[in-house]
Amino acid sequence: MLNKIKNIFKGSTDKMKLCKKCGKEFSVKELEQSYMICPECGTYLRMNADERLDFITDKGSFKEIDMDMQSKNRLEFPGYNEKLAKALETNDKKEAVTCGICKIGGVKTAIFVMDSTFMMGSMGSVVGEKITRLFELAIERELPVVGFTTSGGARMQEGIFSLMQMAKVSGVVKKHSDAGLLYITVLTDPTTGGVTASFAMEGDIIIAEPNALVGFAGARVIEQTTGEKLPEGFQRSEFLLKHGFVDIIEERSKLKDCIVSLLKIHS
Amino acid sequence: MNAYEKVQAARSSSRPSGKFYIEHLTDSFIELHGDRRFADDPAIIGGIGMIDNIPVTLIAMERGDKIDERISRSFGCPKPEGYRKALRLMKQAEKFKRPVICFIGSSGANCGIGAEERGQGEAIAENLMEMMTLKTPIVSVVIGEGGSGGALALSVADKLVMLENSVYSVISPEGCASILWKDAKKADEAAEALKLTADYLKEQGIADVIIEESGKTNEEICNNLKITIMNIIKENMKLPEKELLTNRYNKYRDII
Ligand SMILES: [Zn+2]
């Protein structure tokens with residue numbers, strides 16, 4: 001049923017997107033003109049993997065890899081099968097990350113894009129494995145990697161195996177780095193938990209979109225644990241820039257140009 | 001014991017903490033302080049000593065005993081400066097070709113405003129990358145609760161040893177229950193579902209060795225642990241550097 005609705009909406013320019021900040025709805029067509037930024041209040045709306053790829057990669061250049069890899073409920077974790085089924089039903093993608101080879105401003109690049117619409121962009125074994133394989137391919141072909149992060153963190157339904165993905169991906173990022181290759185991460189709203197504590201923070205150059213939530217521990221958890229009032233703008237891109245954890249905050253309209261310039265300096 | 005009882009046993013204040021193991025493994029421990037960047041984090045004890053005539057670097061999460069000490073040590077939950085101190089000591093170990101032994105036992109990384117300001121995520125991430133290629137043997141031992149990314153940042157190792165009643169999990173059972181089922185009281189169900197016990201992790205190849213605890217005194221456990229750790233270290237010290245690092249890389253690469 002949901003699939004049918006989705007297919008009706010797919011490819012239709014009448015598809016609407018809601019800005020949760022101001023509550024207004026806009027057609028996707030209109031939003032495409034404004035880089036998915038709310039025309040009313042300026043909020044950066046979250047982009048799914050396809051929207052992001054369309055926006056960043058040179059037209060027609062993206063070749064996806066490992067697109068059919070799907071998660072299993074290895075721990076037989078209660079409710080995980082249902083959650084996965086629902087994510088698959090409401091999403092075009094089969095997991096929370098999409099990987100492939102593309103050109104950006106004419107520069108051949110390995111790219112991964114996480115997608116918060118698939119189980120909050122959480123990282124399980126498949127997400128870790130797909131990103132690892134992308135880096136391995138990038139090492140083999142001597143390509144830079146550009147990665148867009150958005151994630152609620154490790155996927156707890158996969159227990160220790162999801163935690164270990166942080167180590168696995170960090171290992172291959174280090175290998176890629178030791179081969180003298182460039183890795184650019186783009187932190188988008190929200191990037192938290194185990195993804196922040198691994199490959200999101202491992203880029204040679206770390207870019208963030210304005211006002212993106214980026215942190216390790218959840219703000220609510222910090223407030224409850226410490227009883228302290230959180231400072232204004234806590235865990236937002238600008239906070240990270242001020243504290244020295246982000247190289248560049250770039251507006252969406254200039255993001256592709258920024259990435260192209262960085263790639264060209266390194267190619 | 002069921003899974004949640006093991007979690008409680010792993011957290012028990014009567015269980016020895018990091019300090020105990022360091023003191024029983026070596027009588028020549030010299031503590032070294034500070035990350036040389038910001039501060040000294042008392043949640044992590046680090047230093048050097050001799051075991052079986054081999055110089056080693058020892059790094060332990062330390063939750064403290066009495067309540068004052070527990071508070072001053074943030075219950076063993078390290079801040080970014082703690083992870084950076086650990087990494088500094090590991091790099092020092094690499095320079096002097098000393099093996100590294102890490103002890104893990106706390107609920108995880110420190111959760112606070114300061115920790116976020118100083119880049120908790122970045123600190124953990126850097127340890128994961130650097131430990132993967134640290135050119136000296138690393139053995140990590142889970143002595144109590146192994147909590148999430150904060151534990152992982154000290155446990156990228158050639159071999160992971162777990163005490164029989166220790167646990168290692170992506171999230172605390174309480175955290176898992178409150179996120180998934182909006183009810184922290186279902187922690188026992190979450191503990192079961194997370195499969196966080198040492199025996200399961202050994203079965204899955206995440207843990208390499210389990211040290212028995214049942215019916216043994218802390219001293220006996222410590223002696224067995226010492227033998228196990230030193231055997232691993234001596235074997236790994238024989239390996240050419242490249243093989244050591246390839247084995248470590250593959251240990252994690254093979255986890256799907
Ligand atoms: Zn709006």
Side-chain angles (χ1 to χ4, degrees), chain A residues 75-80 125-126 128-129 132 153-175 177-178 191-202 206 214-219 221-222 225-226 228 230-231 234-235 239-240 242-245, chain B residues 77 80 108-133 146 148-153 155-157 168-171 175-176 178-181 189-190 192-196 200-201 204 206-207 245 248-256:
Chain A
L75 297 187
E76 295 173 3
F77 198 101
Y80 187 31
S125 282
V126 169
E129 182 66 19
T132 301
R155 189 173 295 171
M156 60 191 138
Q157 293 91 342
E158 294 188 20
I160 199 78
F161 301 102
S162 66
L163 186 68
M164 291 297 147
Q165 301 310 310
M166 292 167 64
K168 180 166 95 178
V169 175
S170 298
V172 82
V173 170
K174 184 65 168 30
K175 242 185 191 182
S177 178
D178 287 348
T191 297
T192 62
V195 168
T196 300
S198 61
F199 56 87
M201 283 293 159
E202 291 170 348
I206 301 179
V214 180
F216 177 63
V221 178
I222 295 173
T225 323
T226 64
E228 288 174 76
L230 303 178
F234 183 62
Q235 292 183 325
F239 173 93
L240 270 84
K242 181 181 151 205
H243 289 285
F245 292 98
Chain B
C77 296
N110 195 281
C111 168
I113 295 171
E116 295 293 317
E117 283 173 340
R118 296 191 293 282
Q120 189 68 285
E122 191 273 346
I124 294 171
E126 187 175 18
N127 279 23
L128 301 183
M129 276 177 98
E130 294 301 325
M131 289 177 84
M132 200 60 86
T133 53
S148 189
L152 189 65
S155 73
V156 174
Y168 193 3
S169 180
V170 63
I171 185 168
C176 178
S178 69
I179 293 171
L180 282 185
W181 305 314
E189 283 170 54
E192 208 66 54
L194 286 163
K195 298 203 164 71
L196 39 63
Y200 179 78
L201 298 177
Q204 297 296 321
I206 305 285
L245 296 186
R248 190 184 305 155
Y249 181 83
N250 287 340
K251 175 175 164 64
Y252 294 90
R253 178 63 190 90
D254 293 343
I255 300 172
I256 293 174

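Every chain is numbered from 1, with letters handed out A, B, ... down the list of sequences. These numbers come from a predicted model, not from an experiment.
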Taking every heavy-atom pair that is under 4.5 Å apart, which of [options] has the most such pairs with chain B?
options: A:G128, A:A167, A:A197, A:G194; answer: A:A197
options: A:T225, A:T196, A:L75; answer: A:L75
options: A:M201, A:E202, A:K242, A:E228; answer: A:E202
options: A:A217, A:P78, A:S125; answer: A:A217

Contact part of B:R118 toward chain A, heavy-atom cut-off under 4.5 Å: side chain, backbone, both or neither?
-> backbone
Among [options], single out the residue with the greatest number of heavy-atom pairs under 4.5 Å to chain A.
options: B:L196, B:D254, B:L194, B:I179; answer: B:L194
options: B:S148, B:G149, B:G150; answer: B:S148
options: B:I113, B:V156, B:I171; answer: B:I113
options: B:I255, B:N110, B:L201; answer: B:I255

Let me confirm one number: the [atom1]-[atom2] distance from [X] to [Y], rounded to the nearest 0.5 Å.
X: A:Q165; Y: B:I256; atom1: CD; atom2: CD1; answer: 8.5 Å
X: B:Y168; Y: A:L163; atom1: OH; atom2: CG; answer: 5.0 Å
X: A:M164; Y: B:K251; atom1: CE; atom2: NZ; answer: 7.5 Å
X: B:M132; Y: A:D178; atom1: CE; atom2: CG; answer: 12.0 Å

For a quick test of reading the model, state the closest non-hydrogen atom pair linking [X] to [Y] and the distance between them.
X: B:A109; Y: A:F216; value: CB-CE2, 3.7 Å
X: A:T226; Y: B:C111; value: CG2-O, 3.5 Å
X: B:Q204; Y: A:F161; value: OE1-CZ, 3.5 Å
X: A:F77; Y: B:C176; value: CZ-SG, 3.9 Å
X: A:Q235; Y: B:E116; value: NE2-OE1, 2.8 Å

Would you sort out whether B:E117 and A:F239 count as a side-chain contact (heavy atoms from CB on, under 4.5 Å), showing the intermediate values?
-> CA-CA 8 Å; B:E117 283 173 340; A:F239 173 93; 3.4 Å; yes
Report which part of [X] has an atom under 4.5 Å of a heavy atom belonging to chain B: side chain, backbone, both, or neither.
X: A:V195; value: neither
X: A:E158; value: neither
X: A:K175; value: side chain

For the pair B:V170 and A:R155, evaluate side-chain contact (heavy atoms from CB on, under 4.5 Å) and give the outcome as yes or no after the intermediate values.
-> CA-CA 8 Å; B:V170 63; A:R155 189 173 295 171; over 6 Å; no
B:R253 and A:E129: CA distance, side-chain angles, deciding distance, side-chain contact (heavy atoms from CB on, under 4.5 Å) verdict | CA-CA 9 Å; B:R253 178 63 190 90; A:E129 182 66 19; 2.9 Å; yes
Do you know which of B:I124, B:L128, B:L152 makes side-chain contact (heavy atoms from CB on, under 4.5 Å) with A:S198?
-> B:L128
